[in-house]
Amino acid sequence: MALVPVAEALDRLLEGAAPLAGESVPLFEAVDRVLAEPVVALRTQPPFNASAMDGYATRAADVASAPSRLSVIGMAPAGRGFDGTVGKAQAVRIFTGAPLPEGADTIVIQENVRDLGGGDIEVTEPTAQWRNIRRIGLDFSTGDVLLGKGRMLDPAALSLVASANHPRVSVVKRPLVAIIATGDELLPPGSDLGPDQIISSNSYGVAATAQSVGARALDLGIAADRKEAIAELVQKAVAVGADVIVTLGGASVGDHDLIHDVLTGEGMTLGFWKIAMRPGKPLMFGRLGDIRCIGLPGNPVASLVCSQLFLKPLLARLGGRNHRQDIRPARLGAAMPANDLRQDYVRAVVREDDGALVATPFGIQDSSMLRMLADANGLIVRAPFAPAAAAGEACSVLMLR
């Protein structure tokens with residue numbers, strides 16, 4: 001099978017991917033979720049003409065000039081309006097948020113009032129009609145579409161939904177990613193290792209990648225290098241309703257690379273296998289009914305780079321999110337040799353110098369070296385057959401953070 005170019009592989013992986021169905025959740029559980037349908041106002045806000053300041057509600061005609069004398073006939077605290085009507089040369093003591101009394105059409109702020117005693121006040125500054133009043137429907141009215149489908153619910157959006165009198169909201173379901181590591185040599189962190197064993201680390205980075213775009217990650221553990229052990233975890237992933245199954249390791253072409261055989265045996269239709277990229281050549285993709293299956297390489301760096309390039313965009317789309325790779329122009333901080341037929345993703349430190357980005361690649365790029373990936377904040381993207389490049393030449397960088 002020929003190596004698939006990166007762009008073509010991504011297009012094929014995303015083909016037909018659409019946001020999952022909606023579900024209703026309480027507002028306190030909706031932060032950073034994506035709206036599955038528009039939010040329509042169930043009330044008008046403000047629902048009445050309301051005072052925007054502490055002061056006195058009166059008629060604008062009586063305070064068009066200053067000084068002017070008014071008689072205070074009552075009080076209107078927030079949540080309890082004044083029942084009477086404001087007449088000529090009268091005022092009601094009012095507080096922020098309280099309904100404007102009938103007959104009043106302006107608010108004199110308390111700083112512009114002097115208490116004369118005996119229930120009378122003197123207004124020291126003229127006040128125009130409708131000053132310091134929030135008119136009914138100033139923010140929105142019943143039936144207004146406040147937020148469109150696909151909007152991410154940030155704090156301001158959530159507050160808006162609540163103010164429109166919605167206790168719950170319909171959001172796109174979060175994709176469920178079932179993660180299966182494979183390999184007799186793997187043990188979980190904290191284990192006592194034998195002489196031929198290593199720690200299984202990839203699951204944690206892949207899960208974090210999934211969670212960074214709002215997906216749920218389910219770690220199904222480590223399967224031994226036996227078809228029946230791998231098949232058992234695949235079947236468990238199907239049973240729990242996974243939207244995506246991610247396998248780690250075992251997707252190459254060796255005697256112990258069993259993922260392809262197990263998944264096709266379970267009914268997977270293979271989409272592609274082996275990508276023209278470095279690191280990450282043995283990436284596999286297929287469909288098991290509605291479930292998308294991604295076989296990631298076992299090498300830690302290759303696994304995480306492929307997660308960034310393929311898993312993250314897929315989960316973002318299933319979750320209704322907009323996602324773009326953050327690719328920026330930069331200059332090389334060191335010379336680089338000519339590239340071969342595979343698109344190369346080279347770990348680098350990216351810094352700003354005189355307003356431009358400079359990307360300096362690490363000297364060693366072995367795909368097992370996680371520490372270097374943790375230290376890198378970008379990947380230099382080199383096209384297939386790119387010629388040798390000197391320091392200072394232009395390049396493209398995929399930013400990691």
Side-chain angles (χ1 to χ4, degrees), residues 13 16-21 23 25 29 172-191 197-252 254-273 282-300 302-304 306-307 310-319:
L13 184 142
L20 301 176
E23 61 179 351
V25 300
E29 298 176 13
V172 177
K173 288 183 179 179
R174 298 170 61 201
L176 175 61
V177 183
I179 302 172
I180 301 171
T182 65
D184 290 337
E185 76 280 14
L186 299 179
L187 287 176
S191 300
Q197 294 175 310
I198 60 173
I199 293 295
S200 176
S201 61
N202 297 5
S203 299
Y204 301 94
V206 172
T209 300
Q211 291 162 347
S212 72
V213 286
R216 296 172 292 154
L218 174 63
D219 181 11
L220 292 181
I222 303 168
D225 282 325
R226 300 191 312 274
K227 288 185 179 181
E228 60 272 20
I230 299 170
E232 180 182 350
L233 294 187
V234 170
Q235 291 161 8
K236 184 179 292 187
V238 174
V240 298
D243 300 293
V244 178
I245 296 174
V246 173
T247 59
L248 303 171
S252 187
D255 292 340
H256 294 283
D257 298 322
L258 308 172
I259 294 297
H260 171 265
D261 291 346
V262 171
L263 286 172
T264 52
E266 293 293 325
M268 183 190 78
T269 301
L270 182 65
F272 57 77
W273 190 5
L283 183 135
M284 182 183 68
F285 171 71
R287 296 284 297 270
L288 181 58
D290 291 332
I291 302 173
R292 287 166 167 80
C293 303
I294 299 179
L296 293 176
N299 281 327
S303 175
L304 293 179
C306 287
S307 293
F310 296 101
L311 179 62
K312 198 170 184 178
L314 172 63
L315 295 177
R317 184 168 293 189
L318 294 176

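- Going from atom CD1 of I230 over to atom CG of D225 covers 6.0 Å, rounded to the nearest 0.5 Å.
- At least one donor-acceptor pair under 3.5 Å links the side chain of T182 to the backbone N or O of L248.
- Summarising the geometry of P297 relative to N202, their closest heavy-atom pair is O-ND2, 4.0 Å, with the distance given to 0.1 Å.
- In summary, of the residues considered (I179, L176, L311), a side-chain contact (heavy atoms from CB on, under 4.5 Å) with V244 occurs for L311 alone.
- Partner of I222 under the side-chain contact (heavy atoms from CB on, under 4.5 Å) criterion, out of D184, L187, L186: L186 alone.
- Between L318 and V172, the closest heavy-atom pair is O-CG1, 3.7 Å.
- Here the SG-CG distance, from C293 to L263, works out to 5.0 Å after rounding to the nearest 0.5 Å.
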Output side-chain donor-acceptor pairs under 3.5 Å for residues 208-220, partner residues at least two apart or in another chain, one line each.
| from | atom 1 | to | atom 2 | distance (Å) |
| --- | --- | --- | --- | --- |
| T209 | OG1 | G205 | O | 2.9 |
| S212 | OG | T209 | O | 2.6 |
| R216 | NE | R174 | O | 3.3 |
| R216 | NH2 | R174 | O | 3.1 |
| D219 | OD1 | G221 | N | 2.9 |

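- Contact between A242 and A178 at its shortest, heavy atoms only, is CB-CB, 3.9 Å.
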For the pair L314 and I294, evaluate side-chain contact (heavy atoms from CB on, under 4.5 Å) and give the outcome as yes or no after the intermediate values. CA-CA 10 Å; L314 172 63; I294 299 179; 3.9 Å; yes

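- Taking both residues in full, the closest heavy atoms of Y204 and P189 are given as OH-CD, 3.2 Å, listed atom of the first, atom of the second, then distance.
- A salt bridge (charged side-chain N to carboxylate O under 4.0 Å, His left out) check over residues 286-299, counting only residues at least two apart or in different chains, returns nothing.
- Taken from NZ in K227 to CG in L258, the straight-line distance is 6.5 Å, to the nearest 0.5 Å.
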Result block: side-chain N/O donor-acceptor pairs under 3.5 angstrom for residues 265-272, not counting sequence neighbours:
| from | atom 1 | to | atom 2 | distance (Å) |
| --- | --- | --- | --- | --- |
| E266 | OE2 | Q235 | NE2 | 3.0 |

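- Expressed to the nearest 0.5 Å, how far CG of L304 lies from OG of S201 amounts to 7.5 Å.
- Note that the CZ atom of F285 and the CG atom of L13 stand 4.5 Å from one another [nearest 0.5 Å].
- Scanning both residues, C306 and L296, for their nearest heavy atoms gives CB-CD2, 3.6 Å.
- L233 CG to I180 CD1: the interatomic distance, rounded to the nearest 0.5 Å, is 5.0 Å.
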Determine whether D243 and L20 satisfy the following criterion, side-chain contact (heavy atoms from CB on, under 4.5 Å), listing intermediate values before the conclusion. CA-CA 9 Å; D243 300 293; L20 301 176; 3.6 Å; yes

